[in-house]
2 protein chains.
Amino acid sequence: MAKRTTITAHTKQNLIDAFWVLYCQKPLAQITVKEIVTRAGYNRSTFYEYFPDVAAVLSAIEDALIPTIDTLPPFVGESYSIGMPIAQFLQLYQQNAKFYLVLLGENGDPAFVTKLKNSIKPTVLHFYHEHATYDAVQREVVVEFILSALIGVMSYWFRQQQPLPQEQLLALMHQLMTKGVMPAIDGSNTTV
Amino acid sequence: MAKRTTITAHTKQNLIDAFWVLYCQKPLAQITVKEIVTRAGYNRSTFYEYFPDVAAVLSAIEDALIPTIDTLPPFVGESYSIGMPIAQFLQLYQQNAKFYLVLLGENGDPAFVTKLKNSIKPTVLHFYHEHATYDAVQREVVVEFILSALIGVMSYWFRQQQPLPQEQLLALMHQLMTKGVMPAIDGSNTTV
DNA sequence: CGAAATCCAACACCGTGTCGTATGTTTTCA
DNA sequence: TGAAAACATACGACACGGTGTTGGATTTCG
């Protein structure tokens with residue numbers, strides 16, 4: 001008999017949804033299978049038909065979130081680029097803000113940051129490879145610098161509920177990336 | 001009666017040490033009290049005399065690691081500064097590399113990153129407050145940018161077992177901070 | 001109908017957190 | 001000074017709750 005894929009997928013999604021509600025509230029270590037199934041309305045055993053343990057649910061969510069970088073819709077509008085378009089990343093972030101905010105937050109998963117960085121890294125790395133300014137080792141550092149700053153600022157921006165208009169954030173970010181973090185003395189940057 | 005502080009402190013430290021060995025190997029959720037006390041050579045109940053739960057041990061380690069920023073020995077030598085001396089932070093990081101590497105790594109604690117940022121933030125924020133270039137909201141973003149990049153690069157550098165001489169890392173970092181991440185076209189930065 | 005997919009009840013095991021107790025050390029005062 | 005009270009420290013045992021598995025009940029679809 002063919003798998004009843006609809007039902008299966010539905011059940012799995014119910015479990016994932018229930019897990020997510022809990023994960024938004026407390027760290028992984030405090031989430032039990034029982035809580036998940038109670039909330040989703042299943043028997044505890046059913047959980048094990050779909051996931052080996054609680055951590056696997058998180059992993060599944062993360063994996064579904066990572067490949068999105070490939071399937072990004074082309075960004076339209078002013079495009080600030082520093083190897084990887086900042087605006088494009090912001091858009092990616094915005095689409096999944098609900099998840100990114102938690103996964104990159106206080107009770108989040110450090111491993112997800114790594115996964116995220118690794119998925120973007122090749123694009124940025126390739127850009128710098130074409131410029132002979134940095135050697136291979138330095139390039140890696142530069143890329144780590146960019147990605148850390150990018151993800152850090154994005155997370156902060158969302159955490160603070162977007163205290164700056166998106167356009168201003170993009171402009172500021174672009175300036176920090178291309179001109180550095182020292183405030184310009186000549187005043188040419190005060191219009192950001 | 002006076003506490004037998006020597007014995008107490010010793011036992012507590014034994015428990016912390018045992019915990020740390022385990023935490024270097026696996027995530028918090030997989031560490032049990034039993035494992036800790038077995039390794040440290042105590043009864044399981046003894047653990048609860050010192051900590052309410054496993055997470056508290058991690059918390060204790062983190063707290064002991066944070067204030068170090070205040071008690072930093074004055075840095076001697078070339079001092080790159082971008083509000084907060086980069087070299088000084090590198091030194092702090094280097095002193096506790098063993099811990100930072102794990103806490104900021106794959107199985108690390110996202111909350112620690114926040115704690116760390118918050119402890120350094122005032123210093124950097126104060127620096128930018130004196131320059132009128134950015135308004136209050138922008139300043140926060142700039143500081144988040146700096147701290148994220150700083151911590152990200154440091155972690156990467158240690159994780160890769162310091163692939164670049166310290167002096168070169170400092171110079172590169174300083175350049176990225178002050179001049180941006182775009183490789184200079186005029187070639188003046190190729191000597192980093 | 002019957003086979004396979006889906007879901008569930010029950011079981012044995014393990015970890016948790018607590019309480020009462022044994023042991024040994026420090027302090028007190030006769 | 002030295003015995004005993006007072007207390008810090010460590011432990012054994014208990015009740016509870018979560019885990020992961022096994023075998024079976026129920027449902028669905030060819």
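Just so we're on the same page: letters track the sequence lines, and every chain starts at 1. None of the values given here were measured: they were computed from a predicted structure.
- Across the helix from C:dC1-D:dG30 to C:dA30-D:dT1, the helix axis at one end is tilted relative to the axis at the other end by 0° (nearest 10 degrees, each axis from five pairs).
- In terms of phosphate contacts, A:Tyr50 brings a side-chain nitrogen or oxygen within less than 4.0 Å of OP1 or OP2 of C:dC7.
- In this structure, the side chain to side chain contact (heavy atoms under 4.5 Å, CB included) partners of A:Ala29, at least two apart in sequence or on a different chain, are B:Ala29.
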Pairs under 3.5 angstrom only: tabulate donor-acceptor contacts from the side chains of residues 15-25 of chain B to other protein residues two or more places apart or in another chain.
residue	atom	partner	partner atom	Å
B:Asp17	OD1	B:Gln13	NE2	2.9
B:Tyr23	OH	B:Asn107	O	3.0

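- A salt bridge is defined here as a Lys NZ or Arg NE, NH1 or NH2 lying under 4.0 Å from an Asp or Glu carboxylate O, and A:Asp63 with A:Lys115 meets this definition.
- Counting only residues at least two apart or on different chains, the salt bridge (charged side-chain N to carboxylate O under 4.0 Å, His left out) pairs with a member in residues 141-154 of chain B are B:Lys117-B:Glu144.
- Atom NE2 in A:His10 sits about 11 Å away from atom P in C:dC7, given to the nearest Å.
- With sequence neighbours left out, the side chain to side chain contact (heavy atoms under 4.5 Å, CB included) criterion links A:Ser45 to A:Asn43.
- Rounded to whole Å, atom C1' of C:dG15 lies 12 Å from atom CD1 of B:Ile36.
- Taking the salt bridge (Lys or Arg N to Asp or Glu O under 4.0 Å) definition, one finds that B:Lys26 meets it with B:Glu35, sequence neighbours left out.
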(request) Produce a footprint string for nucleotides 13-26 of chain D: one letter per nucleotide, 5' end first; B if the base is under 4.0 Å from any protein heavy atom, S if only the sugar-phosphate is, - if neither. (result) B----SBBB-----

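- Residue pairs meeting the salt bridge (charged side-chain N to carboxylate O under 4.0 Å, His left out) criterion with at least one partner in residues 43-53 of chain A, sequence neighbours excluded, are absent.
- The distance between atom CZ of B:Phe51 and atom P of C:dT18, rounded to the nearest whole Å, is 16 Å.
- With sequence neighbours excluded, the residues that form a salt bridge (Lys or Arg N to Asp or Glu O under 4.0 Å) with B:Lys121 are B:Glu140.
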